[in-house]
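Here the structure comes first, spelled out in structure tokens, and everything after it is commentary.
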Amino acid sequence: MTKLTENLKSLRLQYKLSHQIVAEHLKITKAVYGKFEVGTTEPPLRLMIKLADLYSISLDDLVGREFAANGQIINQLLMKKEMTKEINVLVKQLGNQFIQSKEADIVKRLKQKFDLN
């Protein structure tokens, strides 16, 4: 059971609302709303907004999201992007070094084979 399903049920019970009343507010069937509470399906965003409005809570509270706006996620993504760039540069450099060493080895072997020194 997700935090959303737990919250849907507990909020409905807290306000002493029936499945039917909530479903009518959302303009859906009682059966469809029931699926939201048991977690069979998740409500689309437009219905989550209506539910949050119904209970006078934020969407974050409705879905049980704890949010700290400190830019940490964006910083992690930017760092990952930079690391990916650096890794790509290193792989390219190593690839070039490998090719150059193989070319030098091939030239050396050809010179030895055909006595071209």
Worksheet item: After noting the C-alpha distance and the side-chain angles of Leu54 and Lys50, does the key distance pass the side chain to side chain contact (heavy atoms under 4.5 Å, CB included) rule?
Response: CA-CA 6 Å; Leu54 173 66; Lys50 283 182 131 182; over 6 Å; no
Item to complete: Start with the C-alpha distance between Thr41 and Phe36, add both sets of side-chain angles, then the distance that settles side chain to side chain contact (heavy atoms under 4.5 Å, CB included), and finish with yes or no.
Response: CA-CA 5 Å; Thr41 58; Phe36 298 160; 3.5 Å; yes
Worksheet item: Could you walk me through whether Glu82 and Lys85 pass the side chain to side chain contact (heavy atoms under 4.5 Å, CB included) check?
Response: CA-CA 5 Å; Glu82 282 303 310; Lys85 282 182 187 177; 3.6 Å; yes
Item to complete: Check the pair Leu47 / Tyr33 against side chain to side chain contact (heavy atoms under 4.5 Å, CB included), numbers first and verdict last.
Response: CA-CA 10 Å; Leu47 293 183; Tyr33 177 75; over 6 Å; no
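Under the 4.5 Å side-chain heavy-atom criterion for Ile, Leu, Val, Met, Phe, Trp and Tyr, Ile21 and Leu13 are members of distinct hydrophobic clusters. Follow the hydrophobic side-chain contacts under 4.5 Å out from Val22 and you reach Tyr15 in the same cluster. There is a path of hydrophobic side-chain contacts, each under 4.5 Å, that joins Tyr55 to Leu45. Hydrophobic cluster membership differs between Val38 and Leu51, with clusters built from Ile, Leu, Val, Met, Phe, Trp and Tyr side chains linked at under 4.5 angstrom.
For the atom pair CG (Leu4) and CG (Leu59), the distance works out to 10.0 Å, reported to the nearest 0.5 Å. Atom NZ of Lys30 sits about 7.0 Å away from atom OG of Ser18, to the nearest 0.5 Å. How far OG of Ser101 is from CG of Asn96: 11.0 Å, rounded to the nearest 0.5 Å. For the atom pair CG of Asp61 and CD of Glu66, the computed distance is 9.5 Å after rounding to the nearest 0.5 Å. Note that the OG1 atom of Thr84 and the CE atom of Met79 stand 12.0 Å from one another [nearest 0.5 Å]. Rounded to the nearest 0.5 angstrom, Lys102 NZ and Arg109 CZ are separated by 7.0 Å.
Judged by distance alone, the side chain of Asn7 and the main-chain N or O of Leu62 form a donor-acceptor pair under 3.5 Å.
Within the 4.5 Å cutoff, the side chain of Lys9 has heavy atoms near those of the Arg12 side chain. Taking 4.5 Å as the limit, some side-chain heavy atom of Ile57 sits within range of a side-chain heavy atom of Leu11.
Closest approach of Thr5 to Glu37, counting heavy atoms only: CB-O, 3.3 Å. Counting all heavy atoms, side chain and backbone alike, Gly34 lies closest to His19 at CA-CD2, 4.2 Å. Residues Val63 and Lys3 share a closest heavy-atom pair of O-CB, 3.5 Å.
A donor atom on one side chain and an acceptor atom on the other are not found under 3.5 Å apart for Gln93 and Gln97.
Atom CD of Glu42 has 12 or fewer neighbouring heavy atoms from other residues, nucleotides or ligands inside a 6.0 Å radius.
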